Visitor: 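Please see the structure below; I have some questions.
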Amino acid sequence: MLRLKAFRPSNEKIVKIQLHPTHPWMVTADASDRVSVWNWEHRQVIYELKAGGVDQRRLVGAKLEKLAEGETETKGKPTEAMRGGSVKQVNFYDDDVSFWQLWHKQSAAAESPSASNNVTSSFNSPAPSTKGRHFLVICCENKAIFLDLVTMRGRDVLKQELDNRSLLCMEFLSGSSAGDGPLVAFGGSDGVIRVLSMITWKLARRYTGGHKGSISCLMTFMASSGEALLVSGASDGLLIIWSADHGQHSRELVPKLSLKAHDGGVVAVELSRVSGGAPQLITIGADKTLAIWDTVAFKELRRIKPVSKLACHSVASWCHPRAPNLDILTCVKDSHIWAIEHPTYSALTRPLCELTSLLPPQVLAPNKKLRVYCMVAHPLQPHLVATGTNIGVIVSEFDPRSLPSVAPLPTLSGSRDHSAVYVVERGLKLLNFQLNNTINPSLGNNSSLSEIGKSKGDFFEPLPVKQSKKHITTPVPHDSYSVLSVSSSGKYLAIVWPDIPYFSVYKASDWSIVDSGSARLLAWDTCRDRYAILESAITPRIPIIPKGSSSRKAKEAAAAAAQAAAAAASAASTASVQVRILLDDGTSNILMRSVGGRSEPVIGLHGGALLGIAYRTSRRISPVAATAISTIQSMPLSGYGSGLSSFTTFDDGFSSQKYPAEAAPQNFQLYSWETFQPVGDLLPQPEWTAWDQTVEYCAFAYQQYIVISSLRPQYRYLGDVAIPHATSAVWHRRQLFVVTPTTIEIVFVDSGVAPIDIETKKMKEELKLKEAQARAVAEHGDLALIAVDGPQADSQERISLRPPMLQVVRLASFQHAPSVPPYLTSPKQSKVERDDSVMPKETEERKVNEVAVGGGGVSVAVTRFPTEQKRPVGPLVVVGVRDGVLWLIDRYMCTHALSLSHPGIRCRCLAAYGDAVSAVKWASRLGREHHDDLAQFMLGMGYATEALHLPGISKRLEFDLAMKSSDLKRALQCLLTMSNSRDIGNDNTGLALNDILNLTAKKDNVVDAVQGIVKFAKEFLDLIDAADATAQGEIAREALKRLAAAGSVKGALQGHELRGLALRLANHGELTRLSGLVNNLISLGLGREAAFAGAVLGDNALMEKAWQDTGMLAEAVLHAHSHGRPTLKNLVQAWNQMLQREVEPTPSKKTDAAAAFLASLEEPKLTSLAEAGKKPPIEILPPGMPSLSVSFAVQKKPASVTQNSQQQPSKQLLLEAPPATAATLASTTNPSESAPAPVSDPLQSQSTSESPAAPVQAESGETTAENRDPSSSSVSDADPVAHAETNQAVPTNLAEAEVSAQVPGVSPQVPGVPPQVPDVSPKVPEVSPKVQEVSPHVPVVSSQVPEVSLQTNRPPTMSLTSFLE
């Protein structure tokens, strides 16, 4: 709970320190006047300079800038060359700082019951004044330095321009009219306050006649009447109040009121916000006292000496839910941060924390003592406190996860009045709140967008809220830190005081106590009024430090506290988790004495649909942590003694010594509320858990992310969202509203559809069916089964899986939207800048307006999401969504409503809530350009059909949505529009080639259409399949027409798309289109695809024609031979002639070498190469075919082929290998020409759609049209013979013969044909090396033989001789 957030060592004392409200920046000044800006989150130095002397870098930079702008060297010294003197104050100034400064003043003033209306009405943000620049302002004795951290350009204002008086302190005043721009007030050494305009850089006015001594501190604040005031304290001990309203144009202003505050001078002044009262001023003085002043009558309310013998040097107003009774922090020059009790109690001071205990021991030298020189609390995150010490800067973090002691009660349905219960001091109070519709009557009226408020650009005007507080008579036993929680039914409220430890359960109807006892933790069940408590023994008292105690006494108390803490730890380790149930009559019964049989002590309880218990892993507490535990004292409870400390480390799983680098221990176990048995394995302990009311989703929060899981039909991890340091969250159907210390986010969640969901659905349907049958049998006997039919499963429905979806939208943060890009203008352009700043109102409004007006007078949001709203300050409790806004309650028990009415958010919320129809209606107010984004979201949420109704979605997305929601007619229309193909494919034959080639300018649209169809070919095929699956033939045919038209254009569709097209055409019986497609493919030279289409058509002649016309004669011959076609002889002749033509051309060296090699095979006696050309013509014949000179008789197919081709009639279009006998080839040429001729095995295809055995030759080894068989290797499309190099035909064949020789188990002889190859055997050994040289050029043909895997990709290993033997 108490942790070191960041530490930056330094050698000098850090004497001035300031934090930026929204960026993680800190500016510090040390004793030697070095100023540095540090990012405490990323531990990086942003900027450093020597402010006291002359900073050389700045001086050189300024000179260079002047040279670059062409200015001549000025006579005098540049301002950068003047010595600054000692640094008196450092601060940031930008739009964020001015906004939150004004917000603090106004919210403090609005607490007062007598506050005037202009204070309590909605907050008016200051006009953006710094144009997106971030100034670092350093007030030195001799000059003020204004440095822009964006451009690193600076401006120095010398004291000579401010009446030549030393500058000792400063404060920013907000200019009332835009002409003034930002103003800075400087307190001078002569007691006069001088105001400088940051636009003209001239003196604007003086405040005179008040102080006699030098001014030491300045602060602006707002009285509850709404008047802006400036208060100054000086070395003369006076506190003077001035009017800071700049309506008066007088240059000299006189004081309103003067008070004698401290002897010896005022050191610092601070504004304190008081819950339910007017703001107060806190001053500290050189007389070692601290005084509290009322701002209505300006009376002194109280004066105390926080630490005797030491004067305070800094003071901060503080409000932290973990320490409800503390509201002032102060520091003296020792090692503590001191806290002062609530002024209404006895003004006791106690050390809040001992800083040495936070630091690693090696940082502090053994004999060195830590001393604090300045301290500041973070303006927007009260858990962060930064201190400047003699060894560096320490940023400490006080329990960022503790929340205000408030719990929302469920609202009655239909009521617009909501309530919450909170604890203050020793009483329960009821907080009633609702939207204040008197200010904006259109609120809550769904028909109007004006509920955005008048959306002044940044649109962060909070929604007006009406709230009232009511006292509940039941007293509360303790006033230390308490945790409130409400049961799931809303009937009971539980309060736990973990520091006491004690708990009470109240009945919400009459606030009577139904149960109480000693417990440190309590957790509710989400489904019933059951709760678990961690019982604990009463711990020993910790001694109170008497008022005005010194550091020595603090140390003694710390030692006593250490013993007490050790005793408390041993007591905690014996505590057990107990479960109790509240019955309807309001009595509580113990269900289970001790849950979980584990021996480790329990450190956390998390309620929900399952009870989560976190155990302490056996991590020993380091001695440093032990001192940290002991020094942090708890607050005295007005004389009731004291419980455990409010800021301890030991009862918390996340202690100060644990760094995120360590792996989180698995120490968290879920238990069932019913059986008290563990559920699942151990998990790392989450910081908190949130369960959906309907028990569908749960979120577990860790340090850096939130894990979201779905619970039905079984536990399933959906993903995690990177929202670090989240403090709490609440579910609202499928929306998780998360609060972190700086932002508010919505996570939209959907679990998608997983296989388990479909199984569960089926099981449920089966169960229903069985139940229906059982009922029918019970009523009517067995005959009933004939009549009882299960609900017919809809054939149209295709359940598709959907991945889970998580989308995060940031709703609110502290950041200010940057107003204009950050440009720093040089002084020469100051006139232009002035005009620029007084922008005409209408252009300003137009520039930042969030809402445009669409047709019919409906306002339309221009942006996808709203600009971030302003997050309320400090820790927040999320009430949830009621009346269409998100309610939050802050530390001061003020309610805030965040608008969810921007259509970008509202549509998402409605869809997540399950009302997709309203979401689509609301989308009309969202700019059309954001509809795609919204449609994607609705698709993720499972509303594809509804998303189709969004008017602005793109056609591509519309097609996807239509396919998802099975609206195929619409999908087809989208495809036709996207591909421009409405008027194509209606003519019967498709486009003939001539049409395409002779296109005139008028037919350009046809080219566009074909290109469009090609672009979306995959979508067309998907659409046809979907239409076939749901029996919507008309749609499929329309799509097919378009595809067929595109298929007839050369190079349009890929090979696999053409094959898919042919299959689908055949499937739809579009035979004319299919034959047209074949003819077109032939004319385009796509022989392989044409033959495939011919095979699908079952037309053998057409297939052969396809191959022949495209020059693929080898395939034609094989096909004709395997099917015993009468055309065989003509084809073989044509093929041989083609081969001959390739051998014969003019001889080159290559040709002769090949011819010589052939000659050497037959006659080793050959002496000259020329003789090789006189050989007889080449003949390559299929096995069993006589030479072409012999008379030719048609050879019938062997019977085995037929049997084999009919073995698997059920597989559609399976291209499979023929019987083994056809695989081996023998040559019937004369012995001298007996080189074996290779031919790839004819592949058999059975097309069930047309003919029983339509043969097909597919070289690419595919088993079906589109799914490639992994085992068959894909082969080059080139024709193996026709495109082989000119004279390599015969070696090619040898190589392929050897490939076919690798098929094991293939008989080397064809029945009835004697092998005529004996002469070759002696000569073969010479061949094989040559063959292997050739083989790389050869496109190898793979054939898939049943049960034989033929791998053509490795070089041949078996020689021809061994094969023949």
Side-chain angles (χ1 to χ4, degrees), residues 408 410-416 418 435 443-449 451-452 463 488 490 526 609 690-699 706 708-712 718 721 729-739 744-753 757 802 804-812 861 864-866 878-888 897-926 930-931 933-950 965:
T411 306
L412 301 169
S413 58
S415 158
R416 303 200 75 134
H418 317 292
L435 281 175
L443 262 178
N445 168 7
N446 274 352
S447 63
S448 145
L449 240 199
E451 58 186 281
I452 287 181
L463 296 172
S488 60
T526 7
W691 299 74
D692 176 19
Q693 204 64 47
T694 55
V695 200
E696 281 180 50
Y697 297 97
C698 67
I706 298 175
I708 294 178
S709 315
S710 129
L711 303 171
R712 291 189 180 167
L718 298 181
V721 284
V730 68
W731 282 99
H732 187 68
R733 290 283 172 91
R734 288 180 288 178
Q735 308 150 63
L736 179 68
F737 293 92
V738 183
V739 175
I744 295 166
E745 325 258 359
I746 313 180
V747 187
F748 294 104
V749 181
D750 184 74
S751 58
V753 178
D757 296 321
R802 200 174 73 239
M805 188 191 70
L806 301 174
Q807 186 180 13
V808 183
V809 178
R810 178 163 297 176
L811 202 55
R864 176 175 167 226
F865 289 129
V878 201
V879 177
V881 179
R882 304 191 182 165
D883 297 344
V885 297
L886 177 66
W887 289 98
L888 306 154
L898 287 187
S899 157
L900 299 175
S901 60
H902 181 284
I905 297 263
R906 174 60 65 90
C907 293
R908 282 175 165 73
C909 289
L910 286 167
Y913 195 74
D915 187 355
V917 177
S918 307
V920 172
K921 285 181 188 161
W922 263 84
S924 60
R925 309 175 185 203
L926 190 62
H930 305 300
H931 283 201
D933 180 53
L934 183 60
Q936 291 280 18
F937 175 83
M938 292 180 67
L939 179 60
M941 281 281 173
Y943 297 118
T945 319
E946 286 83 351
L948 270 174
H949 295 285
L950 290 172
S965 56

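Any value given below was found using the heavy atoms of this structure, including those in side chains, with hydrogens, waters and symmetry copies removed. Note that the structure is a prediction, hence the values are computed from the model and not measured.
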Visitor: With sequence neighbours excluded, tell me which residues meet salt bridge (Lys or Arg N to Asp or Glu O under 4.0 Å) with Glu745.
Guide: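 Glu745: salt bridge (Lys or Arg N to Asp or Glu O under 4.0 Å) contacts with Arg810.
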Visitor: Can a side-chain donor-acceptor contact be found between Thr411 and Arg882 if the only test is distance below 3.5 angstrom?
Guide: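 Yes, because at least one side-chain N or O of Arg882 sits under 3.5 Å from a partner of the opposite role on Thr411.
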Visitor: Considering the options Asp883, Val885, Ile746, which one meets the side chain to side chain contact (heavy atoms under 4.5 Å, CB included) requirement together with Leu900?
Guide: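 Going through Asp883, Val885, Ile746 one by one, the side chain to side chain contact (heavy atoms under 4.5 Å, CB included) with Leu900 is satisfied by Ile746 alone.
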Visitor: Do Ser488 and Gln693 come close enough that some side-chain heavy atom pair is under 4.5 Å?
Guide: yes
Visitor: Go through the structure and list residues passing salt bridge (Lys or Arg N to Asp or Glu O under 4.0 Å) with Asp915, not counting sequence neighbours.
Guide: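 For Asp915, no residue satisfies salt bridge (Lys or Arg N to Asp or Glu O under 4.0 Å) once neighbours in sequence are set aside.
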Visitor: Report yes if the side chains of Gln807 and Phe937 come closer than 4.5 Å at any heavy-atom pair, otherwise no.
Guide: yes
Visitor: Give me the atom names and distance for the closest heavy-atom approach of Trp731 to Cys698.
Guide: CZ2-C, 3.8 Å
Visitor: Could you measure the distance from the CG atom of Asp757 to the OG atom of Ser751? Nearest 0.5 Å is fine.
Guide: 6.0 Å
Visitor: How far does CG of Leu910 sit from CE of Met941, to the nearest 0.5 angstrom?
Guide: 11.5 Å
Visitor: Residues in side chain to side chain contact (heavy atoms under 4.5 Å, CB included) with Glu696, at least two apart?
Guide: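 Partners of Glu696 under the side chain to side chain contact (heavy atoms under 4.5 Å, CB included) test: Asp692, Thr694, Arg712.
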Visitor: Are the side chains of Val879 and Phe737 in touch, meaning some heavy atoms are under 4.5 Å apart?
Guide: no
Visitor: Check whether any side-chain N or O of His931 sits under 3.5 Å from a backbone N or O of Ala923 as a donor-acceptor pair, and report yes or no.
Guide: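 Side chain of His931 to backbone of Ala923, a donor-acceptor pair under 3.5 Å: yes, one is there.
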Visitor: List the residues meeting side chain to side chain contact (heavy atoms under 4.5 Å, CB included) with Ala944, not counting sequence neighbours, and say none if there are none.
Guide: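 Counting only residues at least two positions away or on another chain, Ala944 forms a side chain to side chain contact (heavy atoms under 4.5 Å, CB included) with Leu939, Leu961, Lys964, Ser965.
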Visitor: Distance from Arg906 atom CZ to Arg925 atom CZ, nearest 0.5 Å?
Guide: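 These two atoms lie 9.0 Å from each other.
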Visitor: Checking Val809 now: which residues fulfil side chain to side chain contact (heavy atoms under 4.5 Å, CB included) with it, not counting sequence neighbours?
Guide: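 Side chain to side chain contact (heavy atoms under 4.5 Å, CB included) check on Val809 returns Phe748, Phe865, Ile905.
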Visitor: On a heavy-atom basis, which atom in Tyr943 and which in Arg734 lie closest, and how many Å separate them?
Guide: OH-NH2, 2.8 Å
Visitor: Does the side chain of Met938 reach to within under 4.5 Å of the side chain of Val920, using non-hydrogen atoms?
Guide: yes
Visitor: Arg802: what forms a side chain to side chain contact (heavy atoms under 4.5 Å, CB included) with it, not counting sequence neighbours?
Guide: Asp750, Val753
Visitor: Below 4.5 Å, heavy atoms only, C-beta onward: do Val738 and Ile706 meet side chain to side chain?
Guide: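 A side-chain contact exists here, since the closest heavy-atom pair is under 4.5 Å.
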Visitor: What are the two closest non-hydrogen atoms of Val695 and Ala609, and how far apart are they?
Guide: CG1-CB, 3.4 Å
Visitor: Using side-chain heavy atoms (C-beta onward) and a distance below 4.5 Å, is Leu898 in contact with Trp887?
Guide: no
